[in-house]
*Asks:* 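One structure coming up, written as structure tokens, with questions to follow.
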Amino acid sequence: MINRNLVKALRYRYVLLAVGLILLAGGLVLLPKQEKHKGITSAELLSNAISPERYMSTDEIAHKIVNQDPSILLIDVRDSLNYQKYSLPNALNIPLPKLLDDNSMTFLNQDQYEVVFFSNDNFDADKAWIISNRLGFKNIHVLKGGLNSWFKTIINPTMPEENMPANAFEQYRFRKAASMYFGVVYPESVIQQSTEQKKVPKKVITVKKKKKSTPEGGC
Amino acid sequence: MKELEKTKRISIAAVFSILLVIIALLSYKKPKNLYTITTKTALEMLLDKNIAVNVDILNDTTIVPIDIRSQYDYEKGYIQNAIHMEAAEVLSNENIEILEKIKANNKMAVLYGNNPEGVIAPYAVLIQMGYNNLKILKVENSYHQNQLITKNVDLEKSIIDIPKFIKGSAKNANIKPKSNTHKAPKKVITIKKSKKNKPEGGC
Amino acid sequence: MGPLIPNDLIPFEWNLVIAIIIGIAFGYILESSGFSSSRKLAGVFYGYDFAVLKVFFTAALVSVIGIFYMDYLGYVDFSMLYVHPFYLWGALIGGAIMGVGFVAGGFCPGTSLCAVAIGKIDAMIYVIGIMIGVFIFSEFYSFFEPIYDGYFYGNITLTESLNISPYWFILFFTIFGIIAFALSDMVRKKVKKVFY
């Protein structure tokens with residue numbers, strides 16, 4: 001008996017399935033719509049934004065510029081007036097309001113270059129970084145301290161005091177050499193040049209020590 | 001009813017697919033803390049110069065200061081009436097509740113940290129979630145003899161005219177500025193478009 | 001959450017493994033729905049068997065409704081899914097050639113391989129024909145290239161280019177599909193039964 005009833009009900013199985021499909025599709029139309037926003041989740045964005053991983057130091061950038069590292073792409077997010085006054089060598093100018101233009105997208109949404117944002121300090125550059133991080137762009141960094149820190153550390157480095165550790169002097173030597181590369185002239189270097197003209201100027205080869213990083217992993 | 005003889009296979013498949021749907025629905029969690037604005041409007045809001053305010057604004061007692069520094073710094077000293085909300089924890093349930101309450105009361109909240117640069121990250125995340133009653137306090141906090149020192153700072157202000165300094169250095173050295181400003185050749189940046197070579201399908 | 005591989009939930013290297021598993025499942029379902037029989041496949045053109053229409057239409061409906069529900073609930077990001085690029089004349093001419101081949105041979109490329117697997121001789125000939133076609137195409141590639149690469153309209157979808165809500169589109173598509181099923185059943189009853 002049960003079997004016969006089952007068969008009777010199953011005679012309408014295709015109709016039932018068809019109705020089911022239409023109901024499901026109709027449900028999609030009736031569902032309350034909420035506007036979707038692009039980007040990684042806010043929790044992820046926050047944890048990315050809190051971490052200082054995005055910062056690159058001025059020394060790092062100077063080293064890369066001096067060695068003409070082809071993989072970095074410096075982006076000045078200040079307005080074009082300030083950009084024309086002074087900017088890092090080979091920097092591109094994408095003023096912050098134009099960050100989301102299609103033209104800028106080609107530079108941000110790619111994986112060939114390490115993009116470095118900078119502004120006078122890192123306030124505006126951080127804004128640009130957060131927006132691009134939400135959109136999920138990879139390889140984007142911020143110059144720590146911006147151009148102000150660039151001036152303080154690279155263009156006009158302060159001489160370390162006598163009692164400072166040796167690597168402070170080493171760093172100072174590198175910074176001084178870098179500042180000369182960027183056009184700063186020191187009185188003592190001029191004298192040296194005029195007296196020891198014959199001498200081949202010593203090449204400053206700065207070998208960046210790799211930071212030791214403990215291997216991560218585990219199972 | 002020839003197909004009905006294969007009921008076993010059909011019913012097994014049906015049970016499995018229904019199970020799958022049920023598991024998916026059970027494991028469903030409503031996403032929390034969604035963005036309410038697009039990146040475009042977020043950028044516009046961030047561009048507003050008024051997002052950073054001076055410390056004088058705290059004379060207005062309806063404004064709620066929020067301290068985003070670490071617990072340690074907060075306990076050492078904080079601006080009067082400040083609520084503590086560590087930067088990494090601003091999205092926790094309690095903190096969101098506090099923010100919602102402030103917003104519901106139509107009050108304004110100002111975030112402050114050790115310096116304004118540290119605040120921009122949590123601030124930008126929060127305004128993208130629709131908390132448009134927030135501001136950043138333009139202050140730098142430091143301790144002097146265990147006393148919290150709060151001082152106003154300027155943002156995005158160039159401290160010195162760098163090209164002038166470079167020229168000046170040449171003058172100091174008493175030489176004509178040789179044009180040795182290693183002008184690296186202008187880099188032509190070409191971004192390769194990703195190839196359209198993607199997996200193709202068909203039957 | 002999804003799609004799984006672009007979001008790095010599954011490492012990229014699993015791509016091929018998953019492809020093989022899906023391929024086996026696809027082949028199994030094709031074979032068990034009787035699609036390795038050329039007469040069954042050609043039936044849709046002569047009106048005595050509409051299994052092809054029903055199976056493919058149902059599959060499309062189920063997956064489109066499923067994907068949109070999953071997108072709504074946040075399991076899959078719809079905007080990240082791959083959309084097939086649209087080359088207008090390439091699609092038209094290619095579609096016509098494939099249609100002629102389908103009526104004449106009784107297989108589409110996928111099902112022909114399925115039929116080869118169960119040892120059908122007509123399918124083997126059909127696959128050889130495919131190979132010859134591939135050979136001709138690659139030999140004369142420079143001649144065909146303007147059509148193959150031209151008239152490119154981007155990775156567009158119907159709802160984007162017509163600017164209608166995808167949800168309404170799915171509803172109409174579903175109703176249309178079910179009407180098509182009902183009509184095809186009526187046609188099949190009218191046409192003289194063919195035994196194969």
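What's counted below: heavy atoms across the whole structure, side chains too, no hydrogens, waters or symmetry copies. Convention: sequence-line order gives letters A, B, ...; per-chain numbering from 1.
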*Asks:* Heavy-atom cut-off 4.5 Å, strictly under: side chain, backbone, both or neither for W150(A) against chain B?
*Replies:*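 Side chain only.
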
*Asks:* Taking it one step at a time, do Q128(B) and L45(A) satisfy side-chain contact (heavy atoms from CB on, under 4.5 Å)?
*Replies:* CA-CA 11 Å; Q128(B) 291 183 54; L45(A) 179 62; 4.0 Å; yes

*Asks:* Kindly check if the number of other-residue, nucleotide or ligand heavy atoms within 6.0 Å of CZ (F169(A)) is above 12?
*Replies:*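 Yes - once you tally the heavy atoms of other residues, nucleotides and ligands closer than 6.0 Å, there are more than 12.
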
*Asks:* Testing the basics here: between L43(B) and L99(A), what is the closest heavy-atom pair and its distance to 0.1 Å?
*Replies:*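 So the minimum-distance heavy-atom pair works out to CD2-CB, 3.9 Å.
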
*Asks:* Using non-hydrogen atoms only, which part of L126(B) is less than 4.5 Å away from chain A: side chain, backbone, both, or neither?
*Replies:*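 Nothing of L126(B), per the 4.5 Å heavy-atom cut-off to chain A.
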
*Asks:* If every non-hydrogen atom of A87(B) is compared with every non-hydrogen atom of L46(A), which pair is closest and at what distance?
*Replies:*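 For A87(B) versus L46(A), the nearest heavy atoms are O-CD2, 3.7 Å.
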
*Asks:* Step through the shown structure and confirm whether more than 12 heavy atoms of other residues, nucleotides or ligands are within 6.0 Å of OH on Y78(B).
*Replies:*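 Counting neighbours around OH of Y78(B), 12 or fewer heavy atoms of other residues, nucleotides or ligands fall under 6.0 Å, so no.
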
*Asks:* Between N148(A), L96(A), N133(A), L100(A), which residue shows the highest count of heavy-atom pairs closer than 4.5 Å to chain B?
*Replies:*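 Most pairs with chain B among the choices: N148(A).
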
*Asks:* When heavy-atom pairs shorter than 4.5 Å are enumerated against chain B, which of I50(A), N120(A), N122(A), I131(A) gives the highest number?
*Replies:*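 Top count of heavy-atom pairs under 4.5 Å with chain B: N120(A).
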
*Asks:* Is it the side chain or the backbone of S119(A) that comes within 4.5 Å of chain B heavy atoms, both, or neither?
*Replies:*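 For S119(A), backbone and side chain are both near chain B.
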
*Asks:* Verify side-chain contact (heavy atoms from CB on, under 4.5 Å) between F123(A) and I136(B), making sure each step is shown before the conclusion.
*Replies:* CA-CA 11 Å; F123(A) 195 68; I136(B) 297 175; 3.9 Å; yes

*Asks:* I need the residue from I37(B), V90(B), L91(B), L47(B) with the largest number of non-hydrogen atom pairs under 4.5 Å to chain A.
*Replies:*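 Option with the top pair count is I37(B).
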
*Asks:* Checking L135(A) against chain B: side chain, backbone, both or neither under 4.5 Å from a heavy atom?
*Replies:*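 Just the side chain, heavy atoms under 4.5 Å.
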
*Asks:* Which value, rounded to the nearest 0.5 Å, describes the distance between D126(A) atom CG and L46(B) atom CG?
*Replies:*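 Here the rounded value is 10.5 Å.
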
*Asks:* Pick from N156(A), D124(A), I155(A): which one has the most heavy-atom pairs with chain B under 4.5 Å?
*Replies:*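 Counting heavy-atom pairs under 4.5 Å, the top option is D124(A).
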
*Asks:* What heavy-atom pair brings I130(A) and A124(B) nearest, and what distance separates the two atoms?
*Replies:*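 Reported closest heavy-atom pair: CD1-CB, 3.6 Å.
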
